[in-house]
2 protein chains.
Amino acid sequence: MPFAVTVDLVVFTIRDEQLCVLAVRRGVPPYRGRWALPGGFVGEEERLLDAAKRELVEETGLDDASAHLEQLATYGDPRRDPRLRVVSVAYLAFAAALPEPAAGADAADARWHPAARLLADRKRLAFDHGAILEDGLERARAKLEYSPLATAFCAEEFTVAELRQVYEVVWGARLDPRNFHRKVTGADGFLVPIGRQTTRNGGRPAQLYRRGAATLLNPPITR
Amino acid sequence: MPFAVTVDLVVFTIRDEQLCVLAVRRGVPPYRGRWALPGGFVGEEERLLDAAKRELVEETGLDDASAHLEQLATYGDPRRDPRLRVVSVAYLAFAAALPEPAAGADAADARWHPAARLLADRKRLAFDHGAILEDGLERARAKLEYSPLATAFCAEEFTVAELRQVYEVVWGARLDPRNFHRKVTGADGFLVPIGRQTTRNGGRPAQLYRRGAATLLNPPITR
DNA sequence: GCAAAAGTGTTACGAGTACACCCATGT
DNA sequence: ACATGGGTGTACTCGTAACACTTTTGC
């Protein structure tokens, strides 16, 4: 049975206070002119995660360690690609803000799109990528609660307010800055203060933090 | 690139107050004599979920609606099967207690194994099935908290105490019967009383329930 | 009556929320 | 001085844990 196996990437970042996802415009049929999630075939001797990493580097220039990458789900309907039977393993990536072009080696037109707008008008997406994006968004929202993943959207050094903005943008909700501050600084291993401050957001100088070693947030940050 | 695509099943049930998983003994190399998760190739025109359903019926005789089935994760290391490149989409299934033979059409020797024992001695498992089982167990434990999935381990009509036993076995922890009772009967849409009672567990007669329509437990049942 | 399991009431504690208040900077 | 964002203190609320207690069966 001849199956093709690909990886597709849902790469999220935050730009202009919006949750954005990377998409590339298709230059060839099928779905010519539509937007598609970046992805590609898995090499014969390549692990799935390695294929996802390779695509991420090709599309964003992000080096291996600077973005979070995890398997999302696998999509394999017989008719999802009209040309041949393709089973696609989708990966979810979170990255700090990147330059707009997001220009990789690829000549293709790659762009950041506000995730909400792309989902609201799913016909602009090729294949079943609307469903993949929806699953990715739901997973991202859920993971912020109980994992320290929000830090993957921040620069290496960040303030509590910057981290709070990540939560607010992904969840589409306002959070109380004071209670949020207590929660995240109190969560064991979530944040480590680096001892320096910044005034880049105006007002009183804010402590700078790096992400800590925790992999699970206890107690969780609630929506 | 010639990939084979399979589905593998992690089928959990509860027998003798233990969480058990279905495994079949391999009769041919590689890993001859070892235990493997039930599974098989995906048909050319078959959806992944349909392939998982088909395997579930073949191995357990469970009809479609009577067990919960969900995608777990996908495993595709180049060397996971020494014969050819196989990408396997693993599914997780929860079933009420079934007869031991679990005999399907297959002539193979299929058996229920206590999950903990099989995991403690992973060399008895073929391929990367130890890792798959571990992921499945972790997912099952997590899902009990915030989803009404525990009911999938029960018969159609069950008592609160029987449901509690599911939680205690999967989590390996004792729960307070009185607080548990209040929590689950109070969770909206989790349980619907059918108005009859049973004394099959001894003592004072207990209300019988069916699973309700809820898909998410709020508040969750905590470990 | 006694054991065993089902189910209810009550109290104490701890996390989450709302919000008043103080702090440190730029202009 | 005052605007702006950073951070702390505190009272109230609500879900949970712990456990005493009552109910209804079988033997």
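Proteins come first, then strands; the chains are lettered A, B, ... in the order of their sequence lines, and each starts at number 1.
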>> Here's a test of your reading of the structure: between A/Gly203 and B/Gly202, which maps to the more 5' nucleotide of DNA chain D?
In response: A/Gly203
> Of all of residues 175-185 of chain B, which get a heavy atom below 4.0 angstrom from DNA chain D, listed by number?
Replying inline: B/Asp176, B/Arg178, B/Asn179, B/Arg182, B/Lys183
>> Please report the distance, rounded to the nearest Å, between CD in B/Gln197 and C1' in C/dA4.
In response: 16 Å
>> For B/Val169 versus B/Gln18, what's the shortest heavy-atom pair and its separation?
In response: CG1-C, 3.5 Å
> Is it true that A/Phe153 and A/Phe12 have ring centroids separated by less than 6.0 Å?
Replying inline: no
> C/dC23, D/dT23, D/dT16: which one has an atom nearest the side-chain heavy atoms of B/Pro219?
Replying inline: D/dT16
> A/Arg164 CZ to D/dG7 C1': how many Å, rounded?
Replying inline: 11 Å
> D/dG7 C1' sits how many Å from A/Leu191 CG, rounded?
Replying inline: 14 Å
>> Other residues, nucleotides and ligands only: do more than 12 of their heavy atoms fall within 6.0 Å of CZ on A/Arg200?
In response: yes
> So does B/Arg204 reach the base of C/dA6 with its side chain, donor to acceptor, closer than 3.5 Å?
Replying inline: yes
> Can you check the A/Asn218 CG to C/dG16 C1' distance for me, whole Å?
Replying inline: 14 Å
>> Evaluate A/Asp77 against A/Arg80 for salt bridge (Lys or Arg N to Asp or Glu O under 4.0 Å), listing each step before the verdict.
In response: CA-CA 5 Å; A/Asp77 265 29; A/Arg80 62 184 294 277; over 6 Å; no
> Taking all atoms of both residues into account, what is the closest heavy-atom pair of A/Leu62 and A/Ala95, and its distance?
Replying inline: CD2-CB, 3.4 Å
> Is the side chain of A/Thr199 donor-acceptor paired with the backbone N or O of A/Gly202 at a distance under 3.5 Å, no angle test?
Replying inline: no
> Can you tell me how far C1' of C/dA3 sits from CG of B/Asn201, to the nearest Å?
Replying inline: 16 Å
>> What is the distance, to the nearest angstrom, from the CD atom on A/Glu168 to the C1' atom on D/dG5?
In response: 13 Å
>> Rounded to whole Å, please give me the gap between CG in A/Leu217 and P in C/dA15.
In response: 15 Å
> Considering only D/dT16, C/dT25, C/dG7, which nucleotide approaches the side chain of A/Thr199 most closely?
Replying inline: C/dT25
> Near A/Gln197 CD, under 6.0 Å, is it more than 12 heavy atoms from other residues, nucleotides or ligands?
Replying inline: yes
> Once you round it to whole Å, what is the distance between C1' of D/dG5 and CG of A/Leu163?
Replying inline: 16 Å
> Which nucleotide in the list D/dG7, C/dT17, C/dG7 gets nearest to the side chain of A/Gln207?
Replying inline: D/dG7
